[in-house]
Amino acid sequence: MSSFDDSDAFEAASSQSLSARAMAARPMPHLDGLNPAQRAAVEALEGPVLMLAGAGTGKTRALTARIAHLLQTGTARPNEILAVTFTNKAAREMKLRVAALMRQPVEGMPWLGTFHAICVKLLRRHAELAGLKSNFTILDTDDQVRLMKQLILAEEIDEKRWPARQLAGIIDGWKNRALTPDKVPAADAGAFNRRGIDLYAQYQQRLRELNAVDFGDLLLHMIAIFQAHTDLLQQYQRWFRYILVDEYQDTNVAQYLWLRLLAAGHSNICVVGDDDQSIYGWRGAEVGNILRFEKDFPGAQVLRLEQNYRSTGHILAAASGVIAGNKGRLGKTLWTEGEDGKKVHLIGHWDGEEEARWIGEEIEAMTRGTRGMDPISPDGMAILVRASHQMRAFEDRFLTIGLPYRVIGGPRFYERMEIRDAMAYFRVVVSPDDDLAFERIVNTPKRGLGDKAQATMQKLARSNGVSLLEGARLAAETGAIGGKGGKELKALLDGLARWRDLMLGGLRPVTPGAADDDLLVEEDRPAAERLSHIELAERILDESGYTAMWQADKTPEAPGRLENLKELVKALESFENLQGFLEHVSLIMDNEQEDGEPKVTLMTLHAAKGLEFPAVFLPGWEDGLFPSQRAMDEEGMKGLEEERRLAYVGITRAERVCTISFAGNRRVYGQWQSQMPSRFIDELPEDHVEVLTPPGLYGHGGGMGASASPVADLMRGSDLHAAAARADVYNSPGWKRLQANQARPGLRQPAEARHMTVDAEAVSAFALDDRVFHQKFGYGTVVSVEGDKLGVDFDKAGAKHVLGRFLVAAGAAGDVPF
DNA sequence: TTTAGCATGCGAGAT
DNA sequence: GCATGCTAAA
């Protein structure tokens, strides 16, 4: 608590408060142009407020205006507002937009940030109350797993049965639900039984010994501190007079508890979110938090933002139609004053490659202007996929046709191996007792220090109660590690000591095992006498042999890695020292740089939340892929509803044109599979959908489309996707005749029932022992007939289940052009 | 200690 | 199909 005295944050801007008179005279530009609902949300400052903001309804605008309003009216000072976001990007953007609204830089706002950044700040102040030193390190997922692996190994548990990564994930889940080891229900340990809980407890113990926390701990420690020290909690309740939370539907239990503690005094808590866009259940988000808000905070005002400024009428209607299939939502009706625009486009393809080819062509056409629309720049187009491996087909295709694209959410800069290695070097220099970092670099590059040598270091460190680095020093000095490895180890240790010495300015001799606290007095030394941290970083990478390691590497990715290292050094420029940089990196992960060329964006549906594009492509709408089979298997109805919200998020990203597509065949893990159109396609309201027929596909592959597919589709009675499939390649005279002979069932069936109600007639074209041909699998013999699903023993590809629609009778003259 | 070769398993990914 | 991570052999 003593740390309050030297607090920057609470001092800032606390000198004068704005008088009511000043406020009356002040213009309120931040209110300009708000619609009535937004304005109500901005002006309802007191008490709990739930701002239910549908997609594209100007949520961020209202939220920032609300902050501006709090400030402009003098209701709160910048340091009295606690504004929480999930991502650093969102926090940054909010700061910028508030500043723009205020027409002046917003100094202060020290408490606008992510849950984690704010908790780091708080926890550094009160670390001792959690049994930590204020310079604790923050472990990322990789460190966590490595630590867990050590524990599992020490326990002599079969690592195969209980992989460290999986256990780390389970512990993460517990932390998301605010469950400390003593609170985990025994039944919850799952396959790990009590053992998992024991390991969790041990893991926490190790973290304490390492003076480290993981992301989940940041919240949990603060909750524990607040619960144990009510006086402290009350101070913060008084300080944070107004609380704002963005994306409330994404909060987990721990975040919810933390907020509830802080808001308990005044209840001036305004949460903003959209239950229909809750898509992060798998990482602990609880839709329940937003659904329950009115109960949690009695007297809450619920304000709905429903006027959409992004999408056309047809797109909104299609999205609404899909999301209406969900139960347990608060309910909103999006509307627009804009025009209906284009109907949502729907198209079926033969396989994934063809889907990619068609979308590539469609993008080129749209760039020029097509389907009666003005040209759209590739910058305004996005392809949103369910799973990142779907991106490959598009990347391949776009590379061949030379269509520029960018991928969002690939492996992140700071997650790449070389960057993590380099940063581990920095970490050891900054904190010599960062065992995990030392472990990472001790044999990178190879120094002849394998498992055996490292075990020796570990043992010495343990038995002497010192850091791993000290253990290594002991091992080297006592000759416990000798030979080539010992020599190399000495060189590394000398290097580390030298670099640390350089960092500290070389004024003070570095005693072995010097505490990190040295850093706290760094300011005492004249800057001129210190080597710049950038030069230092370069020297570390050179002298350690790390750069040389990649220069010697002949694999194709080596040059890229060296390039990345250069970028890393460049990134150091905006920081004062290595420690500041490491701090930043542990919390922030993003790196996007752009040249000016217009590019199509390729990303996952998850990554697209909050973004908008004039033209959006939604490929891969096939049951099992989207909705994901795994989501449905593991979470049942709950999982399906989250997938449906994902569909809703996808459609509502589109401003002017939204194109949904599916493929009949797809290679999944190297195996060809026939795919069923997504049940979400059946849920699209037909009046707002236009089924496209791709030109230029006729004659493609000759008879490959000559399957019974239209028949099967029609018999299944699914209107839209049948039409889409029919409009595709299946256009031979043969099946037009078949279509004409088939009566269409009038009623659409519920999606769930669809798979059950297969009409045997539809596939009567094939019988047991028939010889058939399949585009991908080749020739085979029918071994089973189950509705429209056939078991076929292919001559080359083996036994498979395929839909009759993708088979041709072999031997029928003219049917088999291959 | 390093490496080649085989088994395994696979969804979204902020902090 | 591919990346990861282990075992066996050099």
Side-chain angles (χ1 to χ4, degrees), chain A residues 84-91 113-120 138-145 149 158-161 163-166 169 172 175-176 213-220 246-247 250-252 254-255 278-285 352 384-393 396 408-412 414-415 417 443 445-454 483-485 488 583-590 603-610 620 624-635 639 642-643 645-647 649-650 666-673:
Chain A
V84 208
T85 64
F86 274 85
T87 64
N88 291 293
K89 195 172 153 223
T114 64
F115 278 101
H116 294 83
I118 288 169
C119 281
V120 171
I138 302 164
L139 304 192
D140 59 30
T141 316
D142 249 45
D143 298 326
Q144 274 182 64
V145 172
K149 208 170 247 167
D158 184 2
E159 219 192 318
K160 276 214 190 99
R161 273 187 62 203
R165 185 166 293 282
Q166 194 186 333
D172 254 10
K175 290 190 174 180
N176 283 336
V213 299
D214 61 23
F215 287 124
D217 283 342
L218 292 171
L219 266 295
L220 289 194
D246 194 15
E247 306 282 15
D250 290 341
T251 51
N252 62 32
Q255 287 154 345
S278 166
I279 54 175
Y280 283 109
W282 50 273
R283 65 182 196 210
L384 311 181
V385 297
R386 173 63 182 84
S388 53
H389 59 73
Q390 290 173 260
M391 290 182 188
R392 252 200 72 165
D396 285 353
I408 308 283
R412 293 213 151 18
Y414 291 115
E415 281 165 13
M417 190 205 318
N443 200 32
K446 298 271 182 280
R447 297 193 173 88
L449 299 164
D451 290 347
K452 210 165 148 245
Q454 292 189 34
K484 178 172 167 284
E488 292 249 30
E583 175 93 341
H584 168 84
V585 168
S586 66
L587 291 171
I588 293 194
M589 302 249 178
D590 57 351
M603 65 176 131
T604 63
L605 285 162
H606 282 92
K609 195 173 79 167
L625 180 59
F626 186 47
S628 137
Q629 192 57 51
R630 223 175 126 176
M632 294 185 292
D633 289 348
E634 285 169 17
E635 299 287 335
E642 184 156 311
E643 297 286 297
R645 291 193 289 265
L646 210 41
V649 167
R666 197 173 285 278
R667 205 160 30 190
V668 185
Y669 304 135
Q671 295 280 102
W672 280 103
Q673 278 195 341

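Naming: A, B, ... by sequence-line order, numbering from 1 per chain. The figures that follow rest on heavy atoms only: side chains count, while hydrogens, waters and symmetry mates do not.
Atoms CZ (A:Arg165) and P (B:dG13) sit 15 Å apart, rounded to a whole Å. At whole-Å resolution of the value, CG in A:Leu218 and P in B:dA14 are 16 Å apart. Atom NE2 in A:His606 sits about 9 Å away from atom P in B:dA12, given to the nearest Å. Distance, A:Glu642 CD to B:dA12 C1': 9 Å, rounded to whole Å. Rounded to whole Å, the distance from CD on A:Glu634 to P on B:dA12 is 13 Å. Residue A:Gln166 contributes atom CD, which lies 10 Å from atom P of B:dG9 at whole-angstrom precision. Distance, A:Tyr280 OH to B:dG13 C1': 7 Å, rounded to whole Å. Atom-to-atom, CG of A:Asp217 to P of B:dA14 comes out at 20 Å; the value is rounded to the nearest Å.
Residue A:Leu625 is out of contact with every strand shown, counting any heavy-atom pair closer than 4.0 Å.
Within the structure, every side-chain polar atom (N or O) of A:Asn88 is placed at least 4.0 Å from both OP1 and OP2 of B:dA14. For the OP1/OP2 pair of B:dT2 and a distance below 4.0 Å, the side-chain nitrogens and oxygens of A:Asn443 include at least one atom meeting the criterion. A close approach under 4.0 Å does occur between a side-chain nitrogen or oxygen of A:Thr604 and OP1 or OP2 of B:dG13. Close to C:dC2, at under 4.0 Å from its OP1 or OP2, lies a side-chain N or O of A:Arg392. The shortest distance between the side-chain N/O atoms of A:Ser388 and the OP1/OP2 oxygens of B:dA12 is below 4.0 Å.
A:His389 places none of its side-chain heavy atoms less than 4.5 Å from the side chain of A:Val668.
The aromatic rings of A:His606 and A:Trp282 sit perpendicular, their planes meeting at an angle over 60°, well past the 30° parallel limit.
When each of B:dG11, C:dC6, B:dA12 is scored by its nearest atom to the side-chain atoms of A:Ala631, the top-ranked nucleotide is B:dG11. Taking only side-chain atoms of A:Phe215, from C-beta outward, the nucleotide of B:dT15, B:dG11, B:dT2 with the closest atom is B:dT15. Set against B:dT2, C:dC6, C:dG1, the side chain of A:Arg667 has C:dG1 as its closest nucleotide. Of the candidates B:dT2, B:dA14, C:dG1, the closest approach to any side-chain atom of A:Tyr669 belongs to C:dG1.
Along DNA chain B, the nucleotide nearest A:Ala453 and the nucleotide nearest A:Arg283 are compared for position; the residue whose nucleotide lies closer to the 5' end is A:Ala453.
Residue ring and base: A:Trp282 does not count as stacked with B:dG11 (centre distance below 5.5 Å and interplanar angle below 30° not both satisfied). For B:dT15, the base is not stacked against the aromatic ring of A:Phe86, per a cut-off of 5.5 Å between centres and 30° between planes.
The distance from atom OG1 of A:Thr604 to atom CZ of A:Arg386, rounded to the nearest 0.5 Å, is 8.5 Å.
For the residue pair A:Phe86 and A:Glu247, the shortest heavy atom distance occurs at CE1-O, 3.3 Å. Looking at every heavy atom in both residues, A:Gly113 comes nearest to A:Ala91 through CA-CB, 4.0 Å.
A donor-acceptor pair is defined here as one N or O able to donate and one able to accept, closer than 3.5 Å; no such pair exists between the side chain of A:Glu643 and the backbone of A:Met632.
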